[in-house]
Undergrad: 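Have a look at this one.
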Amino acid sequence: MNMYLFVCVLVMAICTYLPRMLPLTFFRKEITSPFIQSLLFYVPYAVLSALTFPSILYATNNIYSAIVGCIVAIYFAYKDKGLVFVAIVAMLSSYVVSLL
Amino acid sequence: MDDFIKGCRKGIPIALGYFPVSFSFGVLVVSSGLPLGLATFISLTNLTSSGQFAGVSLMLAQASYFEVAMTLLLINARYFLMSLSLSQKIDKSMNTLQRLIVSFGITDETFSVASIQDGVLSFPFMLGFILVPIIGWTSGTLVGETLMNFLPTSIQNAMGIALYGMFLAIIVPASAKSKPILEVVLVSATMAIVFYYIPLFSVFSSGLKLIMATLFGAVYGALRYPVKEEITS
């Protein structure tokens with residue numbers, strides 16, 4: 001493997017690890033501010049929502065299959081069917097639509 | 001040991017969701033002419049999606065190390081927030097080495113699933129919980145590199161939606177049970193859509209847009225519906 005690519009990967013790995021590692025390793029105090037606590041409570045849902053929309057529409061290279069997959073996923077997610085089941089039906093339904 | 005197994009079990013859906021994404025990563029790297037093995041090496045050492053895709057496109061453009069570092073730090077700044085959040089939820093007695101290990105496995109998905117677990121997160125639980133997704137992510141890329149173009153494009157395309165299906169399986173049920181969460185989800189989605197489509201924001205990197213959309217939603221929720229202390233403990 002050439003040197004440039006190897007160093008690039010190391011730079012990438014370090015710049016991915018540092019933001020993950022620093023707070024968890026060195027921040028040992030308990031956060032008492034109700035605002036920060038609330039903020040941290042909502043962050044997971046906010047991140048996932050921002051990751052999903054509108055990117056889900058472009059996830060399959062076919063906007064119609066993506067829309068159908070998205071609706072099917074929301075329906076089964078609403079029915080509390082679990083992560084794996086929802087992911088699989090979303091894939092299957094968008095696959096079927098892409099064949100039409 | 002029980003906690004370790006429990007963690008592994010919680011990690012399985014994440015690993016399954018990762019597989020198609022990291023598979024496509026492997027396919028992309030090899031098909032763009034980079035050497036065989038590079039993609040798997042990247043997946044094993046980076047364990048992140050958007051950062052890896054961005055990093056590879058920078059390599060292909062022969063970007064400087066400085067540009068690679070800046071872009072990656074910007075894209076990955078969200079992990080800082082997640083890591084801070086998890087620092088409040090992990091077992092306080094974890095030592096430095098254990099913290100160094102656990103933090104390697106923080107991703108959007110492991111963070112979200114870990115956050116919604118009841119109680120504190122022990123080291124054995126977290127170990128199993130990150131190990132399985134690491135295996136899923138790395139092996140997906142390995143298989144993608146090796147079997148590139150073995151799967152028909154139509155199937156590869158459909159696989160792209162799996163990860164988002166998983167995200168929806170987390171946010172939709174939570175939103176159905178909690179009005180504050182529903183509103184946070186809607187605010188963040190709206191902001192993400194605004195940042196995506198309005199050309200004014202195209203100067204920002206995708207990582208920065210993600211942080212901004214996340215903060216809009218989370219700050220909105222924290223101001224309008226402050227949570228009681230017991231939720232985070």
Side-chain angles (χ1 to χ4, degrees), chain A residues 1 5 7-9 11-13 15-17 19-25 27-28 30-31 34-35 37-56 59-62 65-66 69-70 73-74 77-78 80-84 86-87 89-91 94-95 98-99, chain B residues 13 16-17 35 42 45-46 48 51 55 59 65 68-69 72-73 76-77 79-80 83-88 99-100 103 106 108 112 115 154 157-162 164-173 176 181 184-185 188-189 192-193 196 210 213-214 217-218 221-222 226-227 231-232:
Chain A
M1 195 183 300
L5 294 178
V7 177
C8 269
V9 176
V11 170
M12 285 166 62
C15 295
T16 308
Y17 184 57
R20 284 172 168 160
M21 180 274 280
L22 293 174
L24 192 80
T25 308
F27 189 83
R28 311 233 173 156
E30 181 128 16
I31 295 177
F35 175 75
Q37 279 190 348
S38 307
L39 190 74
L40 296 178
F41 171 76
Y42 290 118
V43 162
Y45 304 104
V47 173
L48 292 183
S49 176
L51 277 170
T52 306
F53 301 103
S55 311
I56 189 170
T60 63
N61 287 333
N62 171 342
S65 76
C70 178
I74 291 176
Y78 183 73
D80 240 334
K81 292 293 184 190
L83 271 58
V84 178
V86 172
V89 290
M91 258 165 59
S94 58
Y95 177 66
S98 71
L99 296 178
Chain B
L16 291 176
I42 297 175
T45 52
N46 281 250
T48 187
M59 280 183 208
Y65 299 136
V68 173
L72 269 282
L73 283 175
N76 294 324
Y79 290 140
F80 195 87
S83 175
L84 183 65
S85 176
L86 283 182
S87 75
Q88 301 296 301
R99 287 169 190 251
L100 288 172
S103 53
I106 300 174
D108 300 327
S112 307
S115 307
S154 54
N157 285 341
M159 284 166 88
I161 206 167
Y164 297 104
M166 232 178 64
F167 294 165
L168 288 169
I170 294 173
I171 56 179
V172 171
I181 293 178
V184 167
V185 163
S188 285
I193 290 169
Y196 190 92
L210 181 64
T214 300
V227 289
I231 296 181
T232 43

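Proteins get letters first, then strands, A, B, ... in listed order; numbering begins at 1 in each.
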Undergrad: At a heavy-atom distance under 4.5 Å, which candidate from B/Val68, B/Ile170, B/Ile181, B/Asp108 has the highest pair count against chain A?
TA: B/Ile181

Undergrad: So do B/Pro226 and A/Ser38 actually touch side chain to side chain, heavy atoms under 4.5 Å?
TA: yes

Undergrad: When you compare the side chain of B/Met59 with that of A/Met12, does any pair of heavy atoms fall below 4.5 Å?
TA: yes

Undergrad: If you count heavy-atom pairs within less than 4.5 Å of chain B, which of A/Val89, A/Ile31, A/Val43, A/Leu22 leads?
TA: A/Ile31

Undergrad: May I ask you to test the B/Pro35-A/Leu5 pair for a side-chain heavy-atom distance under 4.5 Å?
TA: yes

Undergrad: When only pairs under 4.5 Å are counted, which of A/Ala90, A/Cys8, A/Ala73 shares the most heavy-atom pairs with chain B?
TA: A/Cys8

Undergrad: For chain A, find which of B/Gly221, B/Gly165, B/Ala222, B/Ala77 contributes the most heavy-atom pairs closer than 4.5 angstrom.
TA: B/Ala222

Undergrad: Looking at A/Val86, A/Leu51, A/Leu99, which makes the most heavy-atom pairs under 4.5 Å with chain B?
TA: A/Leu51

Undergrad: At what distance, to the nearest 0.5 angstrom, does CZ of B/Phe80 lie from CE of A/Met21?
TA: 10.5 Å

Undergrad: Which of the residues B/Ala192, B/Gly217, B/Ala213 is involved in the greatest number of heavy-atom pairs with chain A at under 4.5 angstrom?
TA: B/Ala192

Undergrad: Mind ranking A/Phe27, A/Phe35, A/Phe53, A/Tyr95 by heavy-atom pairs under 4.5 Å with chain B and telling me who comes out on top?
TA: A/Tyr95

Undergrad: Could you work out, with side chain to side chain contact (heavy atoms under 4.5 Å, CB included) as the rule, every residue matching B/Ser115, not counting sequence neighbours?
TA: A/Pro44, B/Leu86, B/Phe111

Undergrad: If we define contacts as heavy-atom pairs under 4.5 Å, which of B/Ile161, B/Val184, B/Val185, B/Leu168 has the most with chain A?
TA: B/Ile161

Undergrad: Identify which part of A/Tyr78 has an atom lying under 4.5 Å from any heavy atom of chain B, answering side chain, backbone, both or neither.
TA: both

Undergrad: Working to the nearest 0.5 Å, report the span between CD1 of B/Ile106 and OG1 of A/Thr16.
TA: 12.5 Å

Undergrad: Of the listed residues (A/Val47, A/Asn61, A/Val11, A/Ile74), which shares the most heavy-atom pairs with chain B below a 4.5 Å separation?
TA: A/Val47

Undergrad: Using a cut-off of under 4.5 Å on heavy-atom pairs, state which of A/Ala50, A/Pro19, A/Ser55, A/Pro34 scores highest against chain B.
TA: A/Pro19

Undergrad: Distance check, rounded to the nearest 0.5 Å: B/Phe167 atom CZ versus B/Ser112 atom OG?
TA: 7.0 Å

Undergrad: Output all residues satisfying side chain to side chain contact (heavy atoms under 4.5 Å, CB included) with B/Tyr196, sequence neighbours left out; order by chain, then residue number.
TA: A/Pro54, A/Tyr58

Undergrad: Tell me which of these, B/Ser188, B/Pro13, B/Ser83, B/Ala69, has more heavy-atom pairs under 4.5 Å with chain A than the rest.
TA: B/Ser83

